[in-house]
Amino acid sequence: MLFSADERKKLLALKGVGASVVVRLEQVGIESLEQLARQDAEEVINRVAEAMASDSWKRAPQARATMEAVIAFAQAETNKSRS
């Protein structure tokens with residue numbers, strides 16, 4: 001199962017997050033904000049780089065910043081839904 005339409009819309013509203021970022025997350029098996037909230041940015045970046053067979057994500061500072069931002073957002077959203 002992939003990110004829901006609502007979760008996808010929320011992610012795409014974040015600065016620096018485009019459709020390709022969401023697709024990359026899904027390609028490495030991250031398919032919900034709840035799953036994303038439990039991830040480590042460095043680990044996700046490594047998994048995406050491996051899936052792409054390219055080190056471009058590992059070397060790009062904006063990829064790290066984006067991944068940290070989407071994980072922080074997912075954590076905040078998950079905490080909100082638990083309250």
Side-chain angles (χ1 to χ4, degrees):
M1 193 165 129
L2 304 178
F3 282 100
S4 70
D6 183 54
E7 289 179 335
R8 182 178 296 274
K9 183 178 175 181
K10 288 177 180 179
L11 287 170
L12 292 172
L14 297 173
K15 182 180 178 185
V17 179
S20 63
V21 171
V22 178
V23 168
R24 297 292 183 219
L25 291 170
E26 291 171 338
Q27 286 176 331
V28 297
I30 301 168
E31 301 173 337
S32 71
L33 291 179
E34 188 175 319
Q35 268 187 304
L36 183 57
R38 297 188 307 260
Q39 303 300 312
D40 173 73
E42 183 75 25
E43 177 60 29
V44 174
I45 289 168
N46 288 334
R47 287 167 46 199
V48 168
E50 185 177 313
M52 292 174 56
S54 168
D55 282 344
S56 62
W57 268 53
K58 286 183 182 182
R59 291 180 282 131
Q62 69 271 20
R64 181 171 316 287
T66 298
M67 197 54 56
E68 290 170 352
V70 297
I71 289 171
F73 172 78
Q75 289 168 341
E77 285 292 299
T78 301
N79 287 337
K80 261 198 296 192
S81 68
R82 291 182 184 157
S83 301

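Position 1 is the first residue of the sequence, and the numbers go up from there. For clarity, every value in this text was computed on a predicted model and none was experimentally measured.
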Is there a path from Leu2 to Ile30 through hydrophobic residues (I, L, V, M, F, W, Y) whose side chains come within less than 4.5 Å of each other?
no
Could you go through Val44 and Arg24, starting from their C-alpha distance and side-chain angles, then the distance that decides it, and tell me whether this counts as side-chain contact (heavy atoms from CB on, under 4.5 Å)?
CA-CA 10 Å; Val44 174; Arg24 297 292 183 219; over 6 Å; no
Has the side chain of Gln35 got a donor or acceptor atom that lies under 3.5 Å from a matching backbone atom of Gly29?
yes
For Val28, does its backbone N or O pair with a side-chain atom of Arg47 as donor and acceptor, under 3.5 Å?
yes
Would you call Val22 and Glu7 a side-chain contact if the rule is heavy atoms closer than 4.5 Å?
no
Is the shortest side-chain heavy-atom distance between Leu11 and Val21 below 4.5 Å?
no
Going only through I, L, V, M, F, W and Y residues with side-chain contacts under 4.5 Å, is there a path from Ile45 to Val23?
no
For Glu26 and Phe3, indicate whether the former's side chain and the latter's backbone hold a donor-acceptor pair under 3.5 Å.
yes
Ion pair check, Glu68 and Arg64, cut-off under 4.0 Å
no
Which distance, rounded to the nearest 0.5 Å, do you find between the OG of Ser20 and the CD of Gln27?
9.5 Å
Taking Gln75 for the side chain and Ala37 for the main chain, is one N or O donor matched with an acceptor at less than 3.5 Å?
yes
Taking the side chain as C-beta and beyond, is there a heavy-atom pair between Lys10 and Phe73 under 4.5 Å?
yes
